[in-house]
2 protein chains.
Amino acid sequence: MTQTSDTTSYKDIKQTVLQRIRSGEWQPDALLPNEQELAVEFSCTRTTVNRALRELADEGFLERRRKAGTRVLSAPQRQARFTIPLVRDEIEAAGGTYRYALVSQETQTAPDWLTARLALRVDQRVMHVRCMHFSTNTPFQFEDRWIVIDSVPQVEQADFSSIGPNDWLVQTVPFTNVELTFLASRADATLAGFLDVSEGEPVFTAERITWLQGQPVTFAKMYFAAGYRMSTEF
Amino acid sequence: MTQTSDTTSYKDIKQTVLQRIRSGEWQPDALLPNEQELAVEFSCTRTTVNRALRELADEGFLERRRKAGTRVLSAPQRQARFTIPLVRDEIEAAGGTYRYALVSQETQTAPDWLTARLALRVDQRVMHVRCMHFSTNTPFQFEDRWIVIDSVPQVEQADFSSIGPNDWLVQTVPFTNVELTFLASRADATLAGFLDVSEGEPVFTAERITWLQGQPVTFAKMYFAAGYRMSTEF
DNA sequence: AATTCCATTTTGTGTAGACTTTATGTATTT
DNA sequence: AAATACATAAAGTCTACACAAAATGGAATT
């Protein structure tokens, strides 16, 4: 047999399965019929059922184990997918005009806390860059970044007065692994000045560590202006 | 031909493609060979190549368009997947003992800001629940939640003195859609008391709105104790 | 009673081939 | 020059089948 327009597609199956979970027909922890049985029910091949169930498992609705079968997850460990936008894109998407400004750029020996955080060797040298991102001249984000020189030797020749370190890195170094952390921090005097808020105000903060094949490449702290909200739907 | 142990698998292909992107062999915006050509190169079927490329596109490395082919994304819009854990799981995973305490529970008419936020009808009634989550008797999270009674009528009979509203909802109502927001807020007197921090301290906050087939179900604000970090790797 | 071993079940992944859908670039027409 | 039509290329999906790998539950053994 071959594909015709009235075939049940993997998308149809996904929908139907979700319906059954939502309607309570398949309760949490319940065992689903196996792929072969579902294939018969939906009059399609096991391959098609497999794709549907595999994607639903990937999306966090189902749990699948060989021999054990497929179950409805009791506490749907649904995953929020944050697309971390580039600052420029985020500002422009909100209708602002993006402006970048370098605050400082210097090479130095990695401070102790950074050595510990990135598991650097002692006295390893880093490029320290601080810069501002504005949306139509309103402070949007203050970025405090360290780049490991041994991992990106070209950085010693880089000039961040007109291009941001993130843009430069994205163009220059691929990366393999990222650790992203969100937290709330308190504006100290310096930060308050840059972001135009009062000292002591809460500041939404993101930290990002990037590795290339196990080697630490860069650590960045990004402090967002007052009222910033990081949002996603799923 | 059939599958043998020396076959190139879709995982191998994913790795190889990533290598080529990282090494710069396939620059951003570059057009990849088409599936048929790659199938020949990797001595496998187009189906296998398709799965590899499809997943890489899904993970944000590639862009695929029919007829136009497959390209390397210039600004890798990599997506962070946050698995939003249940509070209890999060506390227990960190080695703490979970304890729950109800602060208040009452039905009321939805306040204006909530009516606006959830697009409720005027004077729609909601259940307002406030509660605390402790990790070994240390405040971990203060939860401030509203549940739309029309969407979950059973909630009027619910007793949240021993089970948290989130646990109850997960067991009772499936959901279709979630909006999740992270922000930094400032501890007011009440919050400072619950979380055992000074007034004015920054508090990492998550807001969560849940819908069931277009109907708003619940709005929750979750205030985390000092020092909380929401972290993910990808 | 506990442990080890193993057949069996169920998902995981691959091959081979075909049809479907989309959209691009070119040719044609206006 | 602009708009339209169209052949075609490339990804998208399905069928049908096969073998692989994991893990469960029970049988056999200690």
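Quick caveat: nothing in here was measured; it's all calculated off a predicted structure. All chains are named by letter (A, B, ...) in the order of the sequence lines, taking the proteins before the strands, and each is independently numbered beginning at 1.
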(message) Below 4.0 angstrom, which residues in residues 32-39 of chain B have at least one non-hydrogen atom near DNA chain D?
(response)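 Correct list: B:N34, B:E35.
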(message) Test of understanding: with salt bridge (Lys or Arg N to Asp or Glu O under 4.0 Å), list the residues that count as partners of B:E233, not counting sequence neighbours.
(response)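 Applying salt bridge (Lys or Arg N to Asp or Glu O under 4.0 Å) to B:E233 gives none.
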(request) Just jot down the salt bridge (Lys or Arg N to Asp or Glu O under 4.0 Å) partners of A:R71, sequence neighbours excluded, or say none. (result)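 None.
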What protein N or O atoms touch nucleotides 22-26 of chain C N or O atoms at under 3.5 angstrom, if any, and at what distances?
from	atom 1	to	atom 2	distance (Å)
C:dT22	O4'	B:R66	NH1	3.4
C:dT24	OP1	B:R65	NE	3.3
C:dT24	OP1	B:R65	NH2	2.7

(request) Quick one: do B:Q124 and B:D150 satisfy side chain to side chain donor-acceptor pair (under 3.5 Å)? Show the steps, please. (result) CA-CA 8 Å; B:Q124 219 170 336; B:D150 285 343; 3.0 Å; yes
Would you tabulate the side-chain donor-acceptor contacts of residues 29-36 of chain A under 3.5 Å, counting partners in other chains and residues two or more places apart, or write 'none'?
from	atom 1	to	atom 2	distance (Å)
A:N34	OD1	A:Q36	N	3.0
A:N34	OD1	A:E37	N	2.9
A:E35	OE1	A:R46	NH1	2.4
A:E35	OE2	A:N50	ND2	2.8
A:E35	OE2	A:R64	NH1	3.2
A:E35	OE2	A:R64	NH2	2.7

(message) Could you work out, with side chain to side chain contact (heavy atoms under 4.5 Å, CB included) as the rule, every residue matching B:E55, not counting sequence neighbours?
(response)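 B:E55: side chain to side chain contact (heavy atoms under 4.5 Å, CB included) contacts with A:R54, B:Y10, B:K14, B:R51, B:E59.
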(message) Can you list everything that forms a side chain to side chain contact (heavy atoms under 4.5 Å, CB included) with B:E25? Sequence neighbours excluded, please.
(response)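 With neighbours one apart ignored, the set is B:R20, B:S23.
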(message) Tell me which residues in residues 46-56 of chain B lie within less than 4.0 Å of DNA chain C, going by non-hydrogen atoms.
(response)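 Contacts with DNA chain C under 4.0 Å: B:R46, B:T47, B:T48, B:R51.
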(message) Strictly below 4.0 Å: does B:R64 bring a side-chain N or O up to OP1 or OP2 of D:dG12?
(response)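 Checking D:dG12 against B:R64, a side-chain N or O does come within under 4.0 Å of OP1 or OP2.
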(message) Check the phosphate of D:dT13 against A:Y10, side-chain N and O only, distance under 4.0 Å to OP1 or OP2. Yes or no?
(response)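 Affirmative; the distance criterion is met.
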(message) List the residues meeting ring-ring contact (aromatic ring centres under 6.0 Å, His included) with A:F219, not counting sequence neighbours, and say none if there are none.
(response)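 Partners of A:F219 under the ring-ring contact (aromatic ring centres under 6.0 Å, His included) test: A:W113.
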(request) Grab the CZ-C1' distance between A:R71 and C:dT11 for me, whole Å please. (result)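 Result: 14 Å.
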(request) Rounded to the nearest angstrom, tell me the gap between atom CD in B:E63 and atom P in D:dA11. (result)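 After rounding, the reported distance stands at 12 Å.
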(request) Could you list the residues that satisfy side chain to side chain donor-acceptor pair (under 3.5 Å) with A:S161, not counting sequence neighbours? (result)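 So A:S161 forms a side chain to side chain donor-acceptor pair (under 3.5 Å) with A:D159.
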(message) So, using side chain to side chain donor-acceptor pair (under 3.5 Å) as the criterion, who are the partners of B:Y98 when residues are at least two apart?
(response)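 Partners of B:Y98 under the side chain to side chain donor-acceptor pair (under 3.5 Å) test: B:H133.
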(request) Sort and list the pairs that fulfil salt bridge (Lys or Arg N to Asp or Glu O under 4.0 Å) and have at least one residue in residues 210-223 of chain A, not counting sequence neighbours. (result)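 Sorted result for residues 210-223 of chain A: A:E207-A:K221.
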